[in-house]
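Right, one structure below, let's go through it.
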Protein chains: 2
Amino acid sequence: MAKARDPEERISARNRRIIIKAGIEIFARKGFDGTRIAEIAEASGLPKANVYYYFSSKEEIYTAIIAHLIAGWDDALKYISPEREPAEAFRLYIKAKLDYARRNGAESRLFASEIIQGARFLTKKDRDHMRRVTDVHVGVVEGWIAAGKLLPVDPRHLFIMLWASTQFYAEFEPVAADGLRKTRLKIEDYDKAAATISETILKGILPAS
Amino acid sequence: MAKARDPEERISARNRRIIIKAGIEIFARKGFDGTRIAEIAEASGLPKANVYYYFSSKEEIYTAIIAHLIAGWDDALKYISPEREPAEAFRLYIKAKLDYARRNGAESRLFASEIIQGARFLTKKDRDHMRRVTDVHVGVVEGWIAAGKLLPVDPRHLFIMLWASTQFYAEFEPVAADGLRKTRLKIEDYDKAAATISETILKGILPAS
DNA sequence: GTCTATATTTTGATAGAC
DNA sequence: GTCTATCAAAATATAGAC
């Protein structure tokens, strides 16, 4: 029994992974309603019926991807912590968020697409989790302000500026590339973005030395 | 003839306008591939065949909307001009962009959706136009830097920060509202956003006085 | 200009042989 | 676990009466 189950589980896990990966790309480009299972099947190299063998509906693939995506975030966002100096913390945070977005472009666009389309499949649990993480970060920034390490600034609007600026390059790459007069964005463009965002915002919120 | 054509043209113009308006909402929520003509027809209060009477295909409705949208932008973006002082220019620009996004939420989301989905229907003409407008603004900022009115900063990345920050609230309203711990965004939230973005970025790029 | 009816194609999903 | 064949529903688009 154990002998027989192992390879089956490997095949199962592998195919589920392939389907998820193909789904990320296609859902990102077409949105939930615009995506057809046949496309995911084709991109996965599987017949359509096999996709239905692993997932019972389009929605099940989609929500599996969303859950997988949110789980992958917390790592990238651990730098805002009270024991750090704010300048270093924000530099690391900005770099980590830009890196994550660049390396997971399709996931980032899929999430953006889900939000633009009204966050229909974001569970209450996911949203509560994101709100709590934000609250913790807001608390850290308020602590820095109280300690005189940061100028008074609304921490929630500050984080929105950071989210927006760091996500834009991956989510809206055609516009970002046009704006930079490049055909495609390279690592150097992301580095330059990190430098510009960090320097501008830090000068804007650090007390004059 | 003239007597008969006038009212007909009014009906025609009116129905085209109604279809465009309904299309903006639905394309914004579902993307191009996810939108069905039947939905646009229903939201317009017209039978599906009437939509086909005014537009010969889904793509024709979509591209008409994109063109209409780009035409509406230039007005909102006229504040970056060399005769202004940079502080005032950026404040007005940030306010105008946030206002436009708030008042034209569906259009903003539709455009964001189009970019995320790969800018498939943005014509070369539209992209060239946007690039040229950006180049003019970049030139103005470079002039201010050369005149010592702004600290050295990469103008293209600066504009991306401004685009991203000002568009985020309308495009990703569910996330912005969660981040601010509100259920829905109000005008006051947009005002506070304008203040935070303006103050932070201006402190970041204006020379110490 | 309007709208019912319909042709044609595509879609999500399943049955059932291997 | 895999995959061909297929269904029922829904989609785009058009014909043609009013």
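Proteins come first, then strands; the chains are lettered A, B, ... in the order of their sequence lines, and each starts at number 1.
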* Would you say a side-chain N or O of A:N15 is under 4.0 Å from OP1 or OP2 of D:dT2? -> yes
* Asked: Along nucleotides 9-18 of chain C, 5' to 3', which nucleotides get a B, which get an S, and which get a -, given that the test is a protein heavy-atom distance under 4.0 Å?
  -> --SBBBB---
* To do: Starting from P on D:dA11, measure out to CZ on B:F32 and report it in whole angstrom.
  => 15 Å
* Any salt bridge between A:K125 and A:D128, counting N to O under 4.0 Å? -> no
* Asked: Is any NZ, NE, NH1 or NH2 atom of the basic residue among A:D178 and B:R132 found under 4.0 Å from an Asp or Glu carboxylate oxygen of the other?
  -> no
* **Value in whole Å for how far the C1' atom of C:dT2 lies from OH of B:Y53** => 9 Å
* **Euclidean distance, atom CD1 of residue A:I19 to atom C1' of D:dT2 [Å, nearest integer]** => 12 Å
* Provide, to the nearest angstrom, the distance between the CG atom belonging to B:N50 and the C1' atom belonging to D:dT14. => 13 Å
* Taking all non-hydrogen atoms of both residues into account, name the closest pair between B:R102 and B:Y190 and its distance. => CD-CD1, 3.4 Å
* To do: Give the intermediate values and the outcome of ring pair (Phe, Tyr, Trp, His ring centres under 6.0 Å) for residues B:H157 and A:Y169.
  => CA-CA 10 Å; B:H157 286 283; A:Y169 293 86; 5.7 Å; yes
* To do: Nearest whole angstrom, please: distance from the C1' of D:dT2 to the CZ of A:F55.
  => 17 Å
* Can you name the residues that form a side-chain hydrogen bond (donor to acceptor under 3.5 Å, both in side chains) with B:S113, not counting sequence neighbours? -> B:Q117
* Structure fact -> Of the candidates C:dC3, C:dG1, D:dG1, the side chain of B:Y54 sits closest to C:dG1
* Atom-to-atom span, CD1 of B:I61 to C1' of D:dT12 - whole angstrom -> 11 Å
* Which of these passes ring pair (Phe, Tyr, Trp, His ring centres under 6.0 Å) with A:H137: A:F159, A:Y79, A:W144? -> A:F159
